[in-house]
> 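There's a structure below that I have some questions on.
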Amino acid sequence: MSKAIIITGGAGFIGSHVVRLFVKKYPGYKIINVDALTYAGNLENLRDIEKSSNYFFEKANILNKEELDKIFKLYQPDAIIHLAAESHVDRSILSPMDFVYTNVIGTVNLLNAAKDAWAGNYHEKLFYHISTDEVFGSLGEKGFFTESTPYAPNSPYSASKASSDHFVRAYGETFSLPVIISNCSNNYGPNQFPEKLIPLFINNIVLGKPLPVYGDGLYTRDWLYVKDHALAIDNIFQKGEKGETYNIGGGNEWKNIDLVKMLCRLMDEKLKKKSGNSEQLISYIKDRPGHDRRYAIDASKINKELGWKPSVTFEQGLSETIDWYLENKEWLEHVTSGEYRKYYEGQYG
Ligand code: NAD
Ligand code: DAU
């Protein structure tokens with residue numbers, strides 16, 4: 001079947017894996033990547049598929065409604081998969097307004113562009129919004145986030161994502177726009193910008209720099225391999241019910257310090273260093289303000305209703321991720337030049 005699908009944020013970490021999956025799996029679909037190419041957007045992520053005849057790139061900012069209208073007119077999309085966002089919690093503490101603009105106003109612009117272009121003809125149309133488990137706030141030692149957990153965001157990032165989720169839901173209720181939202185846990189894998197825990201620490205181990213663990217290091221996250229997230233997005237895109245939300249998670253909880261120690265062990269093996277070498281780089285630093293203690297997803301709805309579950313074990317995924325970073329030093333060098341250095345100095349001194 002032929003379809004035109006706009007994927008926003010396709011030059012970023014998760015977006016590039018989703019674009020690649022769709023371009024390869026659906027040769028009959030036109031895949032249109034709409035991305036502003038901020039510091040986090042990198043077309044090098046898509047070099048292997050950029051010449052595919054069903055792939056199109058439009059450099060555009062979702063804050064610019066006129067540009068969005070032109071793109072919608074040109075491609076007449078059947079569906080939107082919306083990933084474009086400011087995505088890093090620490091940056092949202094330094095500069096909250098960037099998150100309000102892109103994540104809230106940008107999402108509402110995109111909703112309006114879809115609503116205007118489809119003009120009430122919603123047959124076979126879909127606006128699929130990619131969100132995060134951080135909208136639910138923080139868990140205690142026990143329990144899981146379900147689709148009905150009340151929203152309680154604690155950072156400017158999660159507040160902006162929660163706000164965008166509410167707008168998407170509201171456009172479904174008020175304008176009958178066919179919408180779906182999914183809320184996913186922490187992703188890791190190739191092409192993740194080295195401001196997030198795993199790629200930052202891989203890069204610092206390679207460079208022999210300190211590994212800055214926030215607070216007591218006992219914060220817990222539920223880690224999912226990015227290619228499994230992309231498969232979940234495909235699954236929801238094809239089989240998800242309009243108006244529904246789906247939680248996606250790895251069933252894979254780790255305290256930060258335990259994860260960092262495992263990463264250090266794997267890095268020592270791969271770099272043929274003496275055991276314990278990388279662990280010496282661990283350095284406890286001042287905590288992140290508003291730091292959520294624990295995230296954990298109950299993914300039984302997507303598992304039971306759509307048949308999705310993670311396919312990659314953490315050891316496997318982490319090992320593949322480290323290999324990718326060690327084999328793609330040029331990619332790392334490109335993304336860590338310029339703006340990155342300024343951010344790093346400001347954040348870690
Ligand atoms: P990322 O920061 O790696 O990529 C974001 C992309 O959006 C970049 O390509 C950037 O250029 C683009 N972008 C930013 N502002 C834009 C604008 N105004 N107009 C157009 N494009 C713009 O992000 P990611 O980690 O790949 O996350 C993608 C989405 O998934 C986000 O919506 C995020 O909230 C969500 N999410 C991320 C995770 C995670 O662990 N990374 C987990 C759950 C949900
Ligand atoms: O849960 C999903 C979310 O996961 C996504 O919505 C976000 O886009 C994504 O960035 C991620 O948010 P986190 O804040 O959980 O990820 P981050 O990699 O920044 O941090 C993971 C944990 O590691 C967190 O407890 C903070 C800690 N940390 C992070 C950094 C960057 C450190 O201890 N030191 C660090 O230098």
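Ligands are counted one by one from 1 in listed order, and the atoms in each one are counted from 1 as well. Computed from a prediction, not measured in an experiment: that's the story for all the values here.
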> Side-chain donor-acceptor pair under 3.5 Å between Glu86 and Tyr157, yes or no?
no
> Looking at Ala162 and Pro153, what are the two nearest heavy atoms and their distance?
CB-CG, 3.8 Å
> One pair to check against side-chain contact (heavy atoms from CB on, under 4.5 Å): Cys264 and Leu211. What are the steps and the verdict?
CA-CA 10 Å; Cys264 287; Leu211 305 178; 3.7 Å; yes
> Where on Tyr157 is there a heavy atom closer than 4.0 Å to ligand 1, on the side chain, on the backbone, on both, or on neither?
side chain
> Just grab all the side chain to side chain donor-acceptor pair (under 3.5 Å) pairs involving residues 196-205, residues at least two apart or on different chains.
Ser87-Lys196, Asn204-Tyr344
> Under 4.0 Å, counting heavy atoms only: does Gln347 come that close to any atom of ligand 2?
no
> When clusters are formed by joining ILVMFWY residues with side-chain heavy atoms under 4.5 Å apart, either directly or through shared neighbours, do Val18 and Tyr55 land in the same one?
yes
> Please compare Ser16, Ser87, Ser160 and report which has the shortest non-hydrogen distance to atom 23 (O) of ligand 1.
Ser87
> Which residue supplies the protein heavy atom nearest to atom 40 (O) of ligand 1, what is that atom called, and how far is it?
Asn187 N, 2.9 Å
> With atoms numbered from 1 as shown, which atoms in ligand 1 lie under 4.0 angstrom from a non-hydrogen atom of Lys161?
31 (C), 32 (O), 33 (C), 34 (O)
> Check Thr38 against ligand 1 and report side chain, backbone, both or neither, counting heavy atoms closer than 4.0 Å.
both
> To which protein heavy atom is atom 1 (O) of ligand 2 closest, and what is the distance rounded to 0.1 Å?
Asp133 OD1, 2.5 Å
> Identify which of Cys184, Gly12, Ala84, Gly41 has a heavy atom lying nearest to atom 43 (C) of ligand 1.
Cys184
> Under 4.0 Å between a Lys/Arg side-chain N and an Asp/Glu carboxylate O for Arg91 and Glu339?
yes
> Salt-bridged, Glu269 to Arg265, with N to O below 4.0 Å?
yes
> Could you tell me which atoms of ligand 1, counted from 1 in the order shown, lie closer than 4.0 angstrom to a heavy atom of Ile130?
30 (O), 32 (O)
> May I ask you to list the atoms of ligand 2 that are less than 4.0 angstrom from any heavy atom of Val213?
33 (O)
> Identify the heavy atoms of Ser300 and Asp298 that sit nearest to each other, and give their distance.
OG-OD1, 2.6 Å
> Is the backbone N or O of Ser311 less than 3.5 Å from a side-chain atom of Asp228, with the two atoms forming a donor-acceptor pair by type?
yes
> Heavy-atom contacts under 4.0 Å between Leu37 and ligand 1: side chain, backbone, both, or neither?
backbone
> Tell me which one of Leu83, Ile62, Asn103 gets a heavy atom nearest to atom 29 (C) of ligand 1.
Leu83
> Of all the atoms in ligand 1, which lie at a distance below 4.0 Å from a heavy atom belonging to Ser131?
43 (C), 44 (C)
> Where is the nearest protein heavy atom to atom 9 (C) of ligand 2: which residue, which atom, and how far?
Ser87 O, 4.0 Å
> Taking both backbone and side-chain atoms of His229, is any N or O found less than 3.5 Å from an N or O belonging to ligand 1?
no
> Among all the protein's non-hydrogen atoms, which is closest to atom 17 (C) of ligand 1, and how far away is it?
Asn61 OD1, 3.5 Å
> Give the minimum heavy-atom separation between Val168 and Ile181, together with the two atoms involved.
CG1-CG1, 3.8 Å
> With a 4.5 Å heavy-atom cut-off, do Gln192 and Thr321 have their side chains touching?
no
> Side chain or backbone of Ser185 under 4.0 Å from ligand 2, or both, or neither, by non-hydrogen atoms?
backbone
> Is any N or O atom of Asn256, backbone or side chain, closer than 3.5 Å to an N or O atom of ligand 2?
yes
> Any heavy atom of Gly106 closer to ligand 1 than 4.0 angstrom?
no
> Nearest heavy atom to atom 33 (O) of ligand 2 wins, so pick from Phe193, Phe136, Tyr295, Tyr214.
Tyr214
> Side chains of Tyr171 and Asn112: is there a donor and an acceptor less than 3.5 Å apart?
yes
> Show, in sequence, the C-alpha distance, side-chain angles and deciding distance for Asp287 and Tyr219, and conclude whether the side-chain hydrogen bond (donor to acceptor under 3.5 Å, both in side chains) test is met.
CA-CA 11 Å; Asp287 211 347; Tyr219 293 84; 2.3 Å; yes
> Would you say Pro212 has any N or O atom under 3.5 Å from an N or O of ligand 2, going by distance alone?
yes
> Among all protein heavy atoms in this structure, tell me which lies nearest to atom 36 (O) of ligand 2, with the distance rounded to 0.1 Å.
Tyr348 OH, 2.6 Å
> Backbone, side chain, both or neither: what part of Glu134 comes under 4.0 angstrom of ligand 2, heavy atoms only?
side chain
> Strictly by modelled atom types, are Asp268 and Asn277 linked by a side-chain donor-acceptor pair under 3.5 Å?
no
> Are the charged groups of Lys30 and Asp78 less than 4.0 angstrom apart, N to O?
no
> May I ask you to list the atoms of ligand 1 that are less than 4.0 angstrom from any heavy atom of Asn186?
40 (O)
> Counting heavy atoms only, which part of Leu200 comes closer than 4.0 Å to ligand 2: side chain, backbone, both or neither?
side chain
> Please tell me whether Ile31 and Val34 are part of a single hydrophobic cluster in this structure, the criterion being side-chain heavy atoms less than 4.5 Å apart.
no
> Could you check atom 16 (C) of ligand 1 against the protein and tell me its nearest heavy-atom contact, residue, atom and distance included?
Thr102 CG2, 3.9 Å
> What are the two closest heavy atoms between Pro212 and Tyr348, and how far apart are they?
CG-CE2, 3.5 Å
> Where the closest heavy atom to atom 14 (C) of ligand 1 is concerned, which of Ala85, Ala36, Ser185 has it?
Ala85
> With a cutoff of 4.0 Å, is Ala60 in contact with ligand 1, counting heavy atoms of the residue only?
yes
> Considering non-hydrogen atoms of the protein only, which is the closest contact for atom 9 (O) of ligand 1, and what is the distance?
Asp35 OD2, 2.6 Å
> If you measure from the Lys or Arg side-chain nitrogens to the Asp or Glu carboxylate oxygens, is any gap between Glu244 and Lys301 under 4.0 Å?
yes
> For atom 10 (O) of ligand 2, what's the nearest protein heavy atom and its distance?
Lys196 CD, 3.1 Å
> Ignoring hydrogens and angles, tell me if any N or O in the side chain of Lys161 forms a donor-acceptor pair with the backbone of Ile130 under 3.5 Å.
yes
> Using a strict cut-off of 4.0 Å, indicate which atoms of ligand 2 neighbour a heavy atom of His88.
19 (O)
> Among Thr8, Thr132, Ile14, Ile248, which one puts a heavy atom closest to atom 38 (C) of ligand 1?
Ile14
> What residue and heavy atom of the protein are closest to atom 24 (C) of ligand 2, and at what distance?
His291 NE2, 3.4 Å
> State, without any angle test, whether Ser185 and Asp133 hold a side-chain donor-acceptor pair at a distance under 3.5 Å.
no
> At a non-hydrogen distance cut-off of under 4.0 Å, which region of Leu197 contacts ligand 2 (side chain, backbone, both, or neither)?
both
> For ligand 2, is there an atom lying under 4.0 Å from some heavy atom of Glu195?
yes
> Distance to 0.1 Å, residue and atom name: give those for the protein heavy atom nearest to atom 14 (O) of ligand 2.
Arg288 NH1, 2.6 Å
> For ligand 2, indicate whether the residue Asn186 contacts it via side chain, backbone, both or neither (heavy-atom separation under 4.0 Å).
both
> Check the side chains of His129 and Ser164 for a donor-acceptor pair under 3.5 angstrom, ignoring hydrogens and angles.
yes
> Any idea which part of His82 is under 4.0 Å from ligand 1, heavy-atom wise: side chain, backbone, both or neither?
neither
